[in-house]
> 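Shown below is the structure under consideration.
Everything quoted here is computed from the prediction, not taken from an experiment.
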Amino acid sequence: QVRLVESGGGSVQPGGSLRLSCAASGRTFSNYHMGWFRQAPGKEREFTAAITRSGGSTYSDSVKGRFTISRDNAKNTVHLQMNSLKPEDTAVYYCAANSKWAWDPTHMDYWGKGTLVTVSP
């Protein structure tokens, strides 16, 4: 089992920044690729960003150039730095761990419970 706990959500004005963190415990963190998904009210959960075991990353088109994912295998944490936030970034953000490099939200190995990000004037 891997337990994932997100933190860092909150309210911010458009153009602002937030840094989300996901702390992992349980099985060896470095064995998993890590990802962030988000789910806006009334919408399906969508892929946002992911990072390989060794630090390679990929992003959805909607956040590319504004968000940065990183991981610290020594501290069992993964971060999502979110800059230039827009109202459409408002969502619950979920951390996920996966043994495969595949980001279908129906096939993740482990999920956190999420942290809410609200972007409004």
> Return the CE to OG1 distance between Met34 and Thr52, rounded to the nearest 0.5 Å.
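Rounded to the nearest 0.5 Å, the CE-OG1 separation comes to 12.0 Å.
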> Check Leu4 against Ala24 and note the closest heavy-atom contact, atom names and distance.
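So the minimum-distance heavy-atom pair works out to CD2-CB, 3.6 Å.
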> What distance do Ser30 atom OG and Asn76 atom CG have between them, rounded to the nearest 0.5 Å?
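Output value for this atom pair is 8.0 Å.
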> To check you understand the geometry: which heavy-atom pair defines the closest contact between Ser84 and Ser17, and what is its length?
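Heavy-atom minimum between the residues: N-OG, 4.4 Å.
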> Between Glu6 (side chain only) and Cys95 (backbone N and O only), is there a donor and an acceptor less than 3.5 Å apart?
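Indeed, once roles are kept as given, a pair shorter than 3.5 Å links the two residues.
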> Looking at Tyr32 and Ala96, would you say the former's side chain and the latter's main chain have a donor-acceptor pair under 3.5 Å?
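Looks like no, no N/O pair under 3.5 Å.
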> Please list all pairs meeting salt bridge (Lys or Arg N to Asp or Glu O under 4.0 Å) that have one or both residues in residues 69-81, counting only residues at least two apart or in different chains.
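Of all non-adjacent pairs touching residues 69-81, none passes salt bridge (Lys or Arg N to Asp or Glu O under 4.0 Å).
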> Can any side-chain N or O of His79 pair as donor or acceptor with the backbone N or O of Ser21 at less than 3.5 Å?
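No, because the side chain of His79 does not come within donor-acceptor range (under 3.5 Å) of the backbone of Ser21.
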> Nearest 0.5 Å, what's the CD-CG distance between Gln39 and Leu116?
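Between atom CD of Gln39 and atom CG of Leu116 there are 12.0 Å.
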> Find out if a path of hydrophobic residues (ILVMFWY) with successive side-chain heavy-atom gaps under 4.5 Å connects Tyr93 to Tyr59.
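Both belong to a single hydrophobic cluster.
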> Are the side chain of Arg3 and the backbone N or O of Tyr110 linked by a donor-acceptor pair below 3.5 Å?
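No.
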> Do the side-chain N and O atoms of Thr118 and Ser120 include a donor-acceptor pair separated by under 3.5 angstrom?
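Looking only at side-chain atoms, Ser120 and Thr118 do not form any donor-acceptor pair under 3.5 Å.
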> Applying the 4.5 Å side-chain criterion to the ILVMFWY set and letting contacts propagate, would Trp101 and Tyr94 be lumped into a single cluster?
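Shared cluster, yes.
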> Is there a chain of hydrophobic side chains (I, L, V, M, F, W, Y, each step under 4.5 Å between heavy atoms) that links Ile69 to Val63?
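Yes; tracing contacts between hydrophobic side chains, which count when under 4.5 Å, links both residues.
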> Using 0.5 Å steps for rounding, measure from the CD atom of Glu44 to the OG1 atom of Thr106.
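Going from CD on Glu44 over to OG1 on Thr106, the span is 10.5 Å.
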> Are Phe37 and Val2 connected in a single hydrophobic cluster, I mean Ile/Leu/Val/Met/Phe/Trp/Tyr linked by side-chain heavy atoms less than 4.5 Å apart?
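Different clusters.
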> Could you go step by step and tell me if Leu18 and Phe67 meet the side-chain contact (heavy atoms from CB on, under 4.5 Å) rule?
CA-CA 10 Å; Leu18 281 174; Phe67 291 13; over 6 Å; no
> Can you get from Val92 to Val12 by hopping between Ile, Leu, Val, Met, Phe, Trp and Tyr side chains that sit under 4.5 Å apart?
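Each belongs to a different hydrophobic cluster.
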> Main chain of Val119, side chain of Thr90: is a donor-acceptor contact present, judged purely on distance under 3.5 Å?
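Such a contact is found between Thr90 side chain and Val119 backbone.
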> Between Trp36 and Met82, does a side-chain contact (heavy atoms from CB on, under 4.5 Å) hold up when you go through it step by step?
CA-CA 12 Å; Trp36 287 95; Met82 306 186 296; over 6 Å; no
> Does Arg19 reach the main-chain N or O of Gln81 with its side chain, forming a donor-acceptor pair under 3.5 Å?
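No.
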> Pairs in or reaching into residues 81-99: which pass salt bridge (Lys or Arg N to Asp or Glu O under 4.0 Å), with residues at least two apart or in two chains?
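Qualifying pairs, neighbours excluded: Arg38-Asp89, Arg66-Asp89.
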> Hey, could you give me the CG/OG distance between Asn31 and Ser99, rounded to the nearest 0.5 Å?
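It is 9.5 Å, given to the nearest 0.5 Å.
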> Can you pull out every salt bridge (Lys or Arg N to Asp or Glu O under 4.0 Å) where at least one residue sits in residues 93-116? Sequence neighbours excluded, please.
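Residue pairs with at least one partner in residues 93-116: there are none.
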> Starting at OG1 of Thr77, measure out to CG of Leu20 and round the result to the nearest 0.5 Å.
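Rounded to the nearest 0.5 Å, the OG1-CG separation comes out at 12.5 Å.
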